[in-house]
Protein chains: 2
Amino acid sequence: MFRLTRDGEYGVRAVLHLSANPLAFCGMREIARAQGIPENYLAKIMQQLARRELVRSRRGASGGYALARSPRHMTLRQVIEAIEGPIFLNVCLIKKGECPRDDICPVHDVWRTAQKKLLQALDSRTMEDLVRDGLKKARRAGKKLNGADTRQPREAG
Amino acid sequence: MFRLTRDGEYGVRAVLHLSANPLAFCGMREIARAQGIPENYLAKIMQQLARRELVRSRRGASGGYALARSPRHMTLRQVIEAIEGPIFLNVCLIKKGECPRDDICPVHDVWRTAQKKLLQALDSRTMEDLVRDGLKKARRAGKKLNGADTRQPREAG
DNA sequence: GACTATTCGGACTTAATTAGTCCTTATTAT
DNA sequence: ATAATAAGGACTAATTAAGTCCGAATAGTC
(Lines give C-alpha, C1' and ligand atoms only; values in the text may rest on other atoms or scores of the structure.)
Protein backbone atom coordinates (compact mmCIF):
# COMPACT_ATOMS: atom_id res chain seq x y z
CA MET A 1 0.00 0.00 0.00
CA PHE A 2 2.54 2.61 -1.14
CA ARG A 3 4.73 2.30 1.91
CA LEU A 4 8.43 1.64 2.35
CA THR A 5 8.98 -1.74 4.02
CA ARG A 6 11.27 -2.30 6.97
CA ASP A 7 13.73 -4.01 4.68
CA GLY A 8 14.06 -0.74 2.85
CA GLU A 9 14.11 1.41 5.95
CA TYR A 10 16.73 -0.71 7.68
CA GLY A 11 18.80 -0.94 4.53
CA VAL A 12 18.89 2.81 4.20
CA ARG A 13 19.90 3.21 7.82
CA ALA A 14 22.68 0.68 7.44
CA VAL A 15 24.09 2.25 4.31
CA LEU A 16 23.89 5.65 5.92
CA HIS A 17 25.77 4.31 8.91
CA LEU A 18 28.53 3.04 6.65
CA SER A 19 28.54 6.28 4.67
CA ALA A 20 29.52 8.25 7.73
CA ASN A 21 32.90 6.56 7.53
CA PRO A 22 33.06 5.26 4.01
CA LEU A 23 36.38 3.46 4.04
CA ALA A 24 36.02 1.64 7.34
CA PHE A 25 34.80 -1.91 7.73
CA CYS A 26 32.11 -2.08 10.32
CA GLY A 27 30.70 -5.16 12.05
CA MET A 28 27.10 -6.08 11.62
CA ARG A 29 26.47 -6.04 15.33
CA GLU A 30 27.61 -2.47 15.59
CA ILE A 31 25.37 -1.36 12.77
CA ALA A 32 22.42 -3.23 14.21
CA ARG A 33 22.85 -1.73 17.67
CA ALA A 34 23.50 1.79 16.51
CA GLN A 35 20.55 1.79 14.14
CA GLY A 36 18.09 -0.18 16.23
CA ILE A 37 17.76 -3.13 13.90
CA PRO A 38 17.38 -6.81 14.92
CA GLU A 39 20.75 -8.40 14.21
CA ASN A 40 19.56 -11.49 12.42
CA TYR A 41 17.22 -9.45 10.32
CA LEU A 42 19.93 -7.04 9.35
CA ALA A 43 22.05 -9.99 8.24
CA LYS A 44 19.61 -10.75 5.43
CA ILE A 45 19.50 -7.17 4.32
CA MET A 46 23.28 -6.74 4.29
CA GLN A 47 23.59 -9.89 2.21
CA GLN A 48 21.27 -8.41 -0.33
CA LEU A 49 23.18 -5.14 -0.39
CA ALA A 50 26.40 -7.12 -0.85
CA ARG A 51 24.92 -9.13 -3.72
CA ARG A 52 23.89 -5.92 -5.41
CA GLU A 53 27.39 -4.61 -4.81
CA LEU A 54 26.49 -1.50 -2.89
CA VAL A 55 28.50 -2.91 -0.03
CA ARG A 56 31.53 -5.13 0.34
CA SER A 57 31.83 -7.75 3.04
CA ARG A 58 34.68 -9.42 4.83
CA ARG A 59 34.14 -12.56 6.82
CA GLY A 60 35.96 -13.89 9.81
CA ALA A 61 37.37 -12.21 12.87
CA SER A 62 37.12 -8.43 12.65
CA GLY A 63 35.16 -8.77 9.45
CA GLY A 64 32.21 -6.62 8.56
CA TYR A 65 30.90 -4.37 5.84
CA ALA A 66 32.07 -1.29 4.03
CA LEU A 67 30.63 0.77 1.22
CA ALA A 68 31.57 -0.60 -2.16
CA ARG A 69 31.58 2.81 -3.79
CA SER A 70 31.77 6.42 -2.84
CA PRO A 71 28.77 7.84 -0.99
CA ARG A 72 28.93 10.66 -3.52
CA HIS A 73 27.66 8.26 -6.13
CA MET A 74 24.98 6.47 -4.20
CA THR A 75 21.44 7.78 -4.00
CA LEU A 76 18.54 6.84 -1.79
CA ARG A 77 16.81 5.35 -4.77
CA GLN A 78 19.70 3.04 -5.53
CA VAL A 79 19.72 1.71 -2.01
CA ILE A 80 15.99 1.15 -1.91
CA GLU A 81 15.82 -0.48 -5.31
CA ALA A 82 18.73 -2.73 -4.43
CA ILE A 83 16.63 -4.11 -1.61
CA GLU A 84 13.06 -3.92 -2.79
CA GLY A 85 13.57 -4.22 -6.50
CA PRO A 86 12.70 -1.55 -9.03
CA ILE A 87 9.97 0.90 -8.13
CA PHE A 88 6.77 0.81 -10.17
CA LEU A 89 3.78 2.68 -8.85
CA ASN A 90 1.41 0.60 -10.95
CA VAL A 91 1.73 -2.71 -12.75
CA CYS A 92 0.89 -0.97 -15.99
CA LEU A 93 4.27 0.76 -15.80
CA ILE A 94 6.37 -2.36 -15.44
CA LYS A 95 6.61 -3.23 -19.09
CA LYS A 96 5.53 -1.46 -22.23
CA GLY A 97 2.48 -3.21 -23.63
CA GLU A 98 1.93 -5.07 -20.37
CA CYS A 99 -1.56 -3.72 -19.89
CA PRO A 100 -3.93 -4.15 -22.85
CA ARG A 101 -5.62 -0.87 -22.00
CA ASP A 102 -2.50 1.21 -22.44
CA ASP A 103 -3.58 2.80 -25.69
CA ILE A 104 -6.88 4.00 -24.29
CA CYS A 105 -6.19 4.34 -20.56
CA PRO A 106 -5.85 8.01 -19.58
CA VAL A 107 -4.55 7.19 -16.12
CA HIS A 108 -1.41 5.59 -17.41
CA ASP A 109 0.20 8.93 -18.18
CA VAL A 110 -0.52 10.27 -14.73
CA TRP A 111 1.16 7.28 -13.16
CA ARG A 112 4.12 7.71 -15.40
CA THR A 113 4.72 11.31 -14.40
CA ALA A 114 3.97 10.59 -10.74
CA GLN A 115 6.57 7.87 -10.76
CA LYS A 116 9.09 10.10 -12.47
CA LYS A 117 8.62 12.76 -9.82
CA LEU A 118 9.00 10.26 -7.02
CA LEU A 119 12.16 8.77 -8.47
CA GLN A 120 13.61 12.21 -9.06
CA ALA A 121 13.12 13.03 -5.41
CA LEU A 122 14.76 9.80 -4.30
CA ASP A 123 17.65 10.40 -6.68
CA SER A 124 18.11 14.00 -5.66
CA ARG A 125 20.37 13.43 -2.69
CA THR A 126 23.40 11.20 -2.36
CA MET A 127 24.44 9.35 0.74
CA GLU A 128 27.15 11.95 1.18
CA ASP A 129 24.55 14.70 1.18
CA LEU A 130 22.49 12.82 3.71
CA VAL A 131 25.38 12.28 6.08
CA ARG A 132 26.07 15.99 5.96
CA ASP A 133 22.40 16.80 6.54
CA GLY A 134 22.36 14.38 9.44
CA LEU A 135 25.32 15.99 11.14
CA LYS A 136 23.73 19.39 10.72
CA LYS A 137 20.45 18.21 12.20
CA ALA A 138 22.22 16.46 15.04
CA ARG A 139 24.13 19.61 15.87
CA ARG A 140 20.92 21.57 15.86
CA ALA A 141 19.24 19.02 18.09
CA GLY A 142 22.26 18.97 20.40
CA LYS A 143 22.55 15.25 20.07
CA LYS A 144 25.04 12.78 18.74
CA LEU A 145 24.41 10.76 15.62
CA ASN A 146 24.20 7.34 17.22
CA GLY A 147 27.90 6.98 17.69
CA ALA A 148 28.55 7.10 13.99
CA ASP A 149 31.17 9.74 14.58
CA THR A 150 32.97 7.84 17.31
CA ARG A 151 33.84 4.79 15.27
CA GLN A 152 37.40 3.78 14.63
CA PRO A 153 38.32 2.77 11.11
CA ARG A 154 39.64 -0.76 11.15
CA GLU A 155 41.29 -0.75 7.81
CA ALA A 156 41.12 1.51 4.85
CA GLY A 157 40.50 0.29 1.32
CA MET B 1 6.13 -2.43 -1.95
CA PHE B 2 5.19 0.95 -3.45
CA ARG B 3 2.58 -0.42 -5.77
CA LEU B 4 -1.08 0.43 -6.29
CA THR B 5 -3.31 -2.48 -5.26
CA ARG B 6 -6.12 -3.89 -7.34
CA ASP B 7 -8.59 -2.28 -5.01
CA GLY B 8 -7.20 1.06 -6.05
CA GLU B 9 -6.87 0.21 -9.71
CA TYR B 10 -10.42 -1.13 -9.94
CA GLY B 11 -11.80 1.77 -7.97
CA VAL B 12 -10.22 4.25 -10.33
CA ARG B 13 -11.60 2.41 -13.33
CA ALA B 14 -15.08 2.35 -11.85
CA VAL B 15 -15.10 6.03 -10.99
CA LEU B 16 -13.76 6.84 -14.42
CA HIS B 17 -16.54 4.78 -15.95
CA LEU B 18 -19.12 6.75 -14.02
CA SER B 19 -17.41 10.02 -14.83
CA ALA B 20 -18.00 9.49 -18.53
CA ASN B 21 -21.67 10.06 -17.86
CA PRO B 22 -21.75 11.78 -14.51
CA LEU B 23 -25.49 12.09 -13.95
CA ALA B 24 -26.51 8.59 -14.96
CA PHE B 25 -26.99 5.72 -12.56
CA CYS B 26 -25.16 2.72 -13.77
CA GLY B 27 -25.53 -0.89 -12.62
CA MET B 28 -22.63 -2.63 -11.00
CA ARG B 29 -22.71 -5.46 -13.49
CA GLU B 30 -22.26 -3.06 -16.34
CA ILE B 31 -19.30 -1.39 -14.70
CA ALA B 32 -17.73 -4.72 -13.87
CA ARG B 33 -18.07 -6.06 -17.40
CA ALA B 34 -16.97 -2.89 -19.13
CA GLN B 35 -13.92 -2.50 -16.92
CA GLY B 36 -12.95 -6.14 -16.57
CA ILE B 37 -13.48 -6.43 -12.82
CA PRO B 38 -14.88 -9.46 -10.93
CA GLU B 39 -18.42 -8.50 -9.97
CA ASN B 40 -18.33 -9.55 -6.36
CA TYR B 41 -15.02 -7.88 -5.87
CA LEU B 42 -16.25 -4.66 -7.38
CA ALA B 43 -19.16 -4.74 -4.96
CA LYS B 44 -16.84 -4.27 -2.01
CA ILE B 45 -15.02 -1.45 -3.69
CA MET B 46 -18.19 0.40 -4.66
CA GLN B 47 -19.45 0.12 -1.09
CA GLN B 48 -16.27 1.77 0.10
CA LEU B 49 -16.60 4.52 -2.47
CA ALA B 50 -20.20 5.02 -1.38
CA ARG B 51 -19.22 5.21 2.30
CA ARG B 52 -16.64 7.82 1.47
CA GLU B 53 -19.30 9.62 -0.52
CA LEU B 54 -17.52 9.77 -3.81
CA VAL B 55 -20.42 7.83 -5.24
CA ARG B 56 -24.15 7.54 -4.57
CA SER B 57 -26.02 4.26 -4.71
CA ARG B 58 -29.59 3.28 -5.39
CA ARG B 59 -30.84 -0.17 -4.51
CA GLY B 60 -33.55 -2.24 -6.03
CA ALA B 61 -34.58 -2.79 -9.61
CA SER B 62 -32.72 -0.52 -11.99
CA GLY B 63 -30.53 0.63 -9.14
CA GLY B 64 -26.84 1.29 -9.45
CA TYR B 65 -24.23 3.93 -8.83
CA ALA B 66 -23.63 7.49 -9.89
CA LEU B 67 -20.99 10.03 -9.06
CA ALA B 68 -21.79 11.95 -5.90
CA ARG B 69 -20.05 15.10 -7.08
CA SER B 70 -18.87 16.63 -10.27
CA PRO B 71 -15.94 14.94 -11.98
CA ARG B 72 -14.43 18.40 -12.18
CA HIS B 73 -13.86 18.24 -8.45
CA MET B 74 -12.57 14.74 -8.08
CA THR B 75 -8.90 13.89 -8.45
CA LEU B 76 -7.12 10.59 -8.84
CA ARG B 77 -5.67 11.03 -5.40
CA GLN B 78 -9.09 11.41 -3.81
CA VAL B 79 -10.30 8.19 -5.38
CA ILE B 80 -7.23 6.24 -4.37
CA GLU B 81 -7.17 7.54 -0.83
CA ALA B 82 -10.86 6.82 -0.43
CA ILE B 83 -10.10 3.19 -1.08
CA GLU B 84 -6.62 2.61 0.28
CA GLY B 85 -6.52 5.20 3.00
CA PRO B 86 -4.17 8.16 3.10
CA ILE B 87 -0.86 7.82 1.30
CA PHE B 88 2.33 7.83 3.36
CA LEU B 89 5.53 6.77 1.70
CA ASN B 90 7.12 6.00 5.04
CA VAL B 91 5.77 5.40 8.53
CA CYS B 92 7.84 8.30 9.76
CA LEU B 93 5.54 10.62 7.82
CA ILE B 94 2.29 9.40 9.31
CA LYS B 95 2.38 11.51 12.41
CA LYS B 96 4.65 14.25 13.60
CA GLY B 97 6.90 12.92 16.31
CA GLU B 98 5.99 9.33 15.45
CA CYS B 99 9.59 8.33 14.81
CA PRO B 100 12.04 9.11 17.62
CA ARG B 101 14.77 9.75 15.05
CA ASP B 102 12.95 12.60 13.38
CA ASP B 103 15.16 15.32 14.75
CA ILE B 104 18.35 13.67 13.56
CA CYS B 105 17.23 11.60 10.59
CA PRO B 106 18.27 13.25 7.33
CA VAL B 107 16.15 10.93 5.22
CA HIS B 108 12.93 12.19 6.66
CA ASP B 109 13.03 15.38 4.60
CA VAL B 110 13.61 13.51 1.39
CA TRP B 111 10.57 11.37 2.04
CA ARG B 112 8.53 14.42 2.77
CA THR B 113 9.33 16.10 -0.52
CA ALA B 114 9.02 12.83 -2.45
CA GLN B 115 5.58 12.34 -1.03
CA LYS B 116 4.58 15.89 -1.83
CA LYS B 117 5.64 15.44 -5.43
CA LEU B 118 3.75 12.20 -5.74
CA LEU B 119 0.57 13.64 -4.28
CA GLN B 120 0.84 16.70 -6.50
CA ALA B 121 0.95 14.47 -9.53
CA LEU B 122 -2.07 12.48 -8.39
CA ASP B 123 -3.95 15.69 -7.66
CA SER B 124 -3.03 17.30 -10.94
CA ARG B 125 -5.80 15.87 -13.06
CA THR B 126 -9.49 15.60 -12.33
CA MET B 127 -11.77 12.82 -13.43
CA GLU B 128 -13.15 15.19 -16.02
CA ASP B 129 -9.66 15.71 -17.42
CA LEU B 130 -9.09 12.01 -17.54
CA VAL B 131 -12.31 11.27 -19.36
CA ARG B 132 -11.34 13.83 -21.96
CA ASP B 133 -7.85 12.37 -22.24
CA GLY B 134 -9.35 8.92 -22.62
CA LEU B 135 -11.62 9.96 -25.46
CA LYS B 136 -8.71 11.57 -27.21
CA LYS B 137 -6.56 8.49 -26.83
CA ALA B 138 -9.38 6.24 -27.95
CA ARG B 139 -9.91 8.33 -31.04
CA ARG B 140 -6.25 8.13 -31.81
CA ALA B 141 -6.24 4.39 -31.28
CA GLY B 142 -9.38 4.02 -33.41
CA LYS B 143 -11.16 2.25 -30.61
CA LYS B 144 -14.19 2.86 -28.47
CA LEU B 145 -13.93 3.54 -24.77
CA ASN B 146 -15.55 0.35 -23.50
CA GLY B 147 -19.07 1.36 -24.36
CA ALA B 148 -18.95 4.17 -21.86
CA ASP B 149 -20.13 6.56 -24.53
CA THR B 150 -23.05 4.41 -25.60
CA ARG B 151 -24.79 4.32 -22.23
CA GLN B 152 -28.22 5.76 -21.74
CA PRO B 153 -28.82 7.92 -18.68
CA ARG B 154 -31.49 6.31 -16.58
CA GLU B 155 -32.34 9.26 -14.50
CA ALA B 156 -30.70 12.55 -13.91
CA GLY B 157 -29.98 13.92 -10.48
C1' DG C 1 -49.22 -6.85 -1.95
C1' DA C 2 -46.12 -10.14 -4.22
C1' DC C 3 -42.20 -10.52 -7.12
C1' DT C 4 -37.87 -9.51 -8.80
C1' DA C 5 -33.67 -7.02 -9.48
C1' DT C 6 -30.26 -4.88 -7.22
C1' DT C 7 -27.17 -2.95 -3.55
C1' DC C 8 -25.53 -3.61 1.52
C1' DG C 9 -22.94 -5.83 4.83
C1' DG C 10 -20.24 -9.08 6.61
C1' DA C 11 -18.11 -13.71 6.95
C1' DC C 12 -15.03 -16.61 4.77
C1' DT C 13 -10.94 -18.31 1.90
C1' DT C 14 -6.48 -18.54 -0.30
C1' DA C 15 -2.17 -16.77 -1.63
C1' DA C 16 1.43 -13.56 -1.18
C1' DT C 17 4.11 -10.48 1.38
C1' DT C 18 6.21 -8.74 5.61
C1' DA C 19 8.93 -9.13 9.45
C1' DG C 20 11.32 -11.68 11.70
C1' DT C 21 14.14 -16.06 13.98
C1' DC C 22 17.38 -19.81 14.01
C1' DC C 23 20.90 -22.90 12.57
C1' DT C 24 24.71 -24.69 9.81
C1' DT C 25 28.60 -23.75 6.81
C1' DA C 26 32.38 -21.00 5.04
C1' DT C 27 35.95 -17.76 5.81
C1' DT C 28 39.47 -15.02 8.08
C1' DA C 29 42.54 -12.74 11.73
C1' DT C 30 45.16 -14.03 15.53
C1' DA D 1 43.81 -24.55 15.94
C1' DT D 2 40.58 -21.25 17.59
C1' DA D 3 37.45 -17.73 17.90
C1' DA D 4 34.88 -14.38 15.58
C1' DT D 5 32.23 -13.22 11.89
C1' DA D 6 29.47 -13.21 7.44
C1' DA D 7 26.80 -16.40 4.00
C1' DG D 8 22.96 -18.98 3.10
C1' DG D 9 18.85 -21.12 3.73
C1' DA D 10 14.93 -23.11 6.30
C1' DC D 11 11.33 -21.95 9.20
C1' DT D 12 7.41 -19.19 11.53
C1' DA D 13 3.76 -15.81 12.60
C1' DA D 14 1.22 -11.86 11.43
C1' DT D 15 -0.61 -8.97 8.08
C1' DT D 16 -2.25 -7.67 3.63
C1' DA D 17 -4.17 -8.67 -0.99
C1' DA D 18 -7.43 -10.53 -3.81
C1' DG D 19 -11.32 -12.61 -4.19
C1' DT D 20 -15.82 -15.49 -3.15
C1' DC D 21 -20.30 -16.25 -1.11
C1' DC D 22 -24.57 -15.48 1.07
C1' DG D 23 -28.48 -13.51 3.57
C1' DA D 24 -30.79 -9.08 4.46
C1' DA D 25 -32.53 -4.65 2.93
C1' DT D 26 -34.62 -1.85 -0.59
C1' DA D 27 -36.87 -0.15 -4.64
C1' DG D 28 -39.28 -0.57 -9.00
C1' DT D 29 -42.98 -3.35 -11.45
C1' DC D 30 -46.96 -6.44 -12.20
Side-chain angles (χ1 to χ4, degrees), chain A residues 1-14 18 24-33 35-68 80 83-85 87-88 90-91 153-155 157, chain B residues 1-14 18 24-33 35-68 80 83-85 87-88 90-91 154-155:
Chain A
M1 198 236 282
F2 277 143
R3 193 115 65 224
L4 185 70
T5 64
R6 295 212 179 254
D7 285 56
E9 169 71 20
Y10 291 161
V12 169
R13 285 191 207 169
L18 295 178
F25 272 80
C26 176
M28 202 173 57
R29 184 162 303 134
E30 181 189 319
I31 303 175
R33 297 214 172 130
Q35 301 297 325
I37 307 172
E39 277 182 41
N40 289 321
Y41 195 9
L42 180 60
K44 278 198 333 186
I45 294 166
M46 295 312 293
Q47 279 170 41
Q48 182 66 11
L49 287 171
R51 263 183 239 121
R52 297 297 170 91
E53 296 184 303
L54 296 199
V55 135
R56 278 178 305 152
S57 73
R58 199 163 60 190
R59 300 208 224 186
S62 81
Y65 297 91
L67 280 197
I80 291 172
I83 294 172
E84 308 217 359
I87 290 173
F88 293 110
N90 196 339
V91 282
R154 259 189 212 132
E155 182 182 338
Chain B
M1 199 237 281
F2 278 145
R3 192 114 66 225
L4 185 70
T5 64
R6 294 209 180 256
D7 285 58
E9 169 72 19
Y10 291 162
V12 169
R13 285 192 207 170
L18 295 177
F25 272 81
C26 176
M28 202 173 56
R29 184 161 305 134
E30 181 189 318
I31 303 175
R33 298 218 171 126
Q35 301 297 327
I37 307 171
E39 278 182 41
N40 290 321
Y41 195 8
L42 180 60
K44 276 197 336 185
I45 295 166
M46 295 312 292
Q47 278 170 40
Q48 183 66 11
L49 288 170
R51 262 184 239 121
R52 298 297 170 93
E53 295 182 307
L54 296 198
V55 135
R56 280 177 305 153
S57 72
R58 200 163 59 191
R59 299 209 225 186
S62 80
Y65 297 91
L67 279 197
I80 291 173
I83 295 173
E84 308 218 359
I87 289 173
F88 294 110
N90 196 340
V91 283
R154 262 191 209 129
E155 183 182 336

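Each chain gets a letter, A, B and so on, in the order the sequences are listed, and its residues count up from 1. Keep in mind the model is a prediction, meaning the values are calculated, not measured. These values consider heavy atoms only, across backbone and side chains, with no hydrogens, waters or symmetry-generated copies.
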Query - Sugar-phosphate only, base, or nothing, as touched by A:Met46 at under 4.0 Å among non-hydrogen atoms - result: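 Touches nothing.
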Whole-Å distance separating the [atom1] atom of [X] from the [atom2] atom of [N]:
{"X": "B:Tyr10", "N": "D:dT20", "atom1": "OH", "atom2": "C1'", "value": "14 Å"}
{"X": "A:Asn40", "N": "C:dA19", "atom1": "CG", "atom2": "P", "value": "17 Å"}
{"X": "A:Leu49", "N": "D:dG8", "atom1": "CG", "atom2": "C1'", "value": "16 Å"}
{"X": "B:Glu53", "N": "C:dC8", "atom1": "CD", "atom2": "P", "value": "13 Å"}
{"X": "B:Ile83", "N": "D:dA17", "atom1": "CD1", "atom2": "C1'", "value": "14 Å"}
{"X": "B:Gln47", "N": "C:dA11", "atom1": "CD", "atom2": "C1'", "value": "13 Å"}
{"X": "B:Arg51", "N": "C:dC8", "atom1": "CZ", "atom2": "C1'", "value": "9 Å"}
{"X": "B:Arg13", "N": "D:dA18", "atom1": "CZ", "atom2": "P", "value": "12 Å"}

Requested in this report: Output the single nucleotide from C:dT6, C:dA19, D:dG19 whose closest atom is nearest the side chain of A:Asp7.
Outcome: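 Ranking C:dT6, C:dA19, D:dG19 by closest atom to the A:Asp7 side chain puts C:dA19 first.
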Main-chain N/O of [Y] paired to [X] side chain as donor or acceptor, under 3.5 Å:
{"X": "B:Arg56", "Y": "B:Ala66", "answer": "no"}
{"X": "A:Arg13", "Y": "A:Gln35", "answer": "yes"}
{"X": "A:Glu84", "Y": "A:Thr5", "answer": "yes"}

Do the side-chain N or O atoms of [X] get closer than 4.0 angstrom to the phosphate oxygens (OP1, OP2) of [N]?
{"X": "B:Arg58", "N": "C:dT6", "answer": "no"}
{"X": "B:Tyr65", "N": "C:dT6", "answer": "no"}
{"X": "A:Ser57", "N": "D:dA7", "answer": "yes"}
{"X": "B:Tyr41", "N": "D:dA17", "answer": "no"}

Requested in this report: Classify the side chain of A:Lys44 and the base of C:dG20 as holding, or not holding, a donor-acceptor pair under 3.5 Å.
Outcome: yes
**Report entry** hbond_proxy A:Arg59 side chain to D:dA7 base (donor-acceptor, 3.5 Å cutoff)
**Finding:**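 No, no donor-acceptor pair under 3.5 Å.
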Query raised in the report: Mapping A:Ala61 and A:Met1 onto DNA chain D by nearest heavy atom, which one lands closer to the 5' end?
Result: A:Ala61
Query raised in the report: Hey, which of these two, A:Leu4 or A:Ala43, hits DNA chain C nearer its 5' end, going by closest nucleotide?
Result: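 The residue closer to the strand's 5' end, by nearest nucleotide, is A:Leu4.
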Query - Heavy-atom side-chain proximity of B:Asn90 to A:Arg3 below 4.5 angstrom - result: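 With C-beta onward as the side chain, the pair stays apart.
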Query raised in the report: Hey, are the side chains of A:Tyr65 and A:Ser57 touching, using non-hydrogen atoms and a 4.5 Å cut-off?
Result: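 Heavy-atom side-chain distance check passes, below 4.5 Å.
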